[in-house]
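Structure, as structure tokens:
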Amino acid sequence: MADLAFLEQDAVDVAPLLLGATLRANGVRVRLTEVEAYMGERDPGSHAYRGPGRRNATMFGPAGRLYVYFTYGMHYCCNVVTGREGVASAVLLRAGEVVEGLELARERRPNAARDAELASGPARLTRVLGISLADDGTDLAAGPIRLEAAPDRAPAIASGPRTGVAGPGGGLEFPWRFWIPGEPSVSRYRPHVARRR
DNA sequence: AGCCGGATCCGCT
DNA sequence: GCGGATCCGGCTT
């Protein structure tokens with residue numbers, strides 16, 4: 001079992017180290033290719049920006065837990081909690097490559113045209129792993145959902161603006177999105193545009 | 001009590 | 001490329 005002590009730092013420092021790590025849940029393993037750092041109470045883009053609440057409580061807990069949230073009325077997304085207990089810091093898992101359980105993954109995402117699309121996006125990645133709100137707070141070192149550190153550092157790492165964050169703290173200010181260049185599962189960058197009504 | 005908009009995805013054009 | 005789906009947290013009244 002790989003050592004997860006590296007999770008006890010700020011999300012920005014942890015995020016690049018998670019590239020190439022794998023997350024296994026419910027018979028499927030995904031190798032992480034794209035992540036985003038969220039820096040908690042001082043980060044306007046973070047769910048923790050306005051302090052602890054019912055939804056984001058896990059973010060304030062110890063490192064190495066899974067933070068799952070529900071969004072857009074229909075999707076789940078998951079994060080790895082980092083940093084010390086009491087400090088909200090987490091890394092959103094945005095994309096990955098399915099490296100085990102391909103058949104199960106295809107069953108969970110029957111509309112994916114190519115295998116590279118199975119976990120290409122945070123809600124897709126969460127779905128392919130069969131993760132839902134019930135898994136919020138899971139200990140990734142000991143429970144049924146396991147995070148294993150990358151065997152080697154990713155050969156190359158690219159960074160840029162976070163995908164879904166607009167305004168102050170988002171945009172171009174902080175390059176807190178990290179990915180492995182050339183990976184087919186990494187989604188093309190789409191600048192955030194507020195939905196019209 | 002009500003409204004606004006989101007760390008999204010999918011299907012149609 | 002665009003809009004619809006569909007719930008919830010957070011802020012305004």
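Predicted model only: the values in this text are computed from it and were never measured. Residue numbers begin at 1 in each chain, while the letters A, B, ... track the order of the sequences.
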Checklist entry - Which of parallel (below 30°), tilted (30 to 60°) and perpendicular (above 60°) describes A/Y67 and A/Y69? => result tilted
Checklist entry - With both distances under 3.5 angstrom, what nucleotide forms a Watson-Crick or G-U wobble pair with C/dT6? => result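 The answer is none; no pair meets the criterion.
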Checklist entry - Mind checking who C/dG1 pairs with, Watson-Crick or G-U wobble, both distances under 3.5 Å? => result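 The answer is B/dC12, by the H-bond criterion.
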Next on the checklist: Checking side-chain polar atoms at under 3.5 Å, does A/R29 have a donor or acceptor matched by the opposite partner on A/T22?
Outcome noted: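 Per modelled atom types, A/R29 and A/T22 side chains form a pair under 3.5 Å.
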Next on the checklist: When you measure from the side-chain N and O atoms of A/N111 to the phosphate of B/dC9, is any distance below 4.0 Å, counting only OP1 and OP2?
Outcome noted: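 No, A/N111 has no side-chain N/O under 4.0 Å of OP1/OP2 on B/dC9.
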[N] [atom2] sits how many Å from [X] [atom1], rounded?
{"X": "A/R127", "N": "B/dC9", "atom1": "CZ", "atom2": "P", "answer": "11 Å"}
{"X": "A/R162", "N": "B/dG6", "atom1": "CZ", "atom2": "C1'", "answer": "14 Å"}
{"X": "A/R94", "N": "B/dC9", "atom1": "CZ", "atom2": "C1'", "answer": "12 Å"}
{"X": "A/Y72", "N": "C/dA5", "atom1": "OH", "atom2": "P", "answer": "16 Å"}
{"X": "A/L92", "N": "B/dA7", "atom1": "CG", "atom2": "C1'", "answer": "5 Å"}
{"X": "A/E34", "N": "B/dA7", "atom1": "CD", "atom2": "C1'", "answer": "11 Å"}
{"X": "A/L133", "N": "C/dT6", "atom1": "CG", "atom2": "C1'", "answer": "15 Å"}
{"X": "A/N79", "N": "B/dT8", "atom1": "CG", "atom2": "P", "answer": "11 Å"}

Show me the protein contacts with nucleotides 9-13 of chain C, counting only N or O atoms at under 3.5 Å.
from   : atom 1 : to    : atom 2 : distance (Å)
C/dC11 : OP1    : A/R50 : NE     : 2.3

Checklist entry - If only atom types and distance count, is the side chain of A/R124 paired as donor or acceptor with the main-chain N or O of A/R109 below 3.5 Å? => result no
Next on the checklist: Please check: side-chain N/O of A/S46 versus main-chain N/O of A/D43, any donor-acceptor pairing under 3.5 Å?
Outcome noted: no
Next on the checklist: For the C1' atoms, the ones on C/dG3 and on B/dG5, what distance do you get once it is rounded to whole angstrom?
Outcome noted: 15 Å
Item to check | Co-membership, hydrophobic cluster, residues A/Y49 and A/V81, 4.5 Å side-chain | outcome: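 They do not share one cluster, since no chain of ILVMFWY contacts under 4.5 Å joins A/Y49 to A/V81.
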Checklist entry - Under a single-linkage definition using a 4.5 Å side-chain heavy-atom cutoff for Ile, Leu, Val, Met, Phe, Trp and Tyr, are A/L118 and A/V99 assigned to the same hydrophobic cluster? => result no
Nearest-neighbour nucleotide for the [X] side chain, [options] considered:
{"X": "A/F70", "options": "C/dC8, B/dC10, B/dG6", "answer": "C/dC8"}
{"X": "A/R109", "options": "B/dC10, B/dC9, C/dC8", "answer": "B/dC10"}
{"X": "A/M74", "options": "B/dT8, C/dC7, C/dA5", "answer": "C/dA5"}

Checklist entry - Only one of A/L18, A/L93, A/L66 clears side-chain contact (heavy atoms from CB on, under 4.5 Å) with A/L147; which? => result A/L18
Next on the checklist: According to a cutoff of under 5.5 Å between the ring centres and under 30° between the ring planes, does A/Y69 stack with the base of B/dA7?
Outcome noted: no
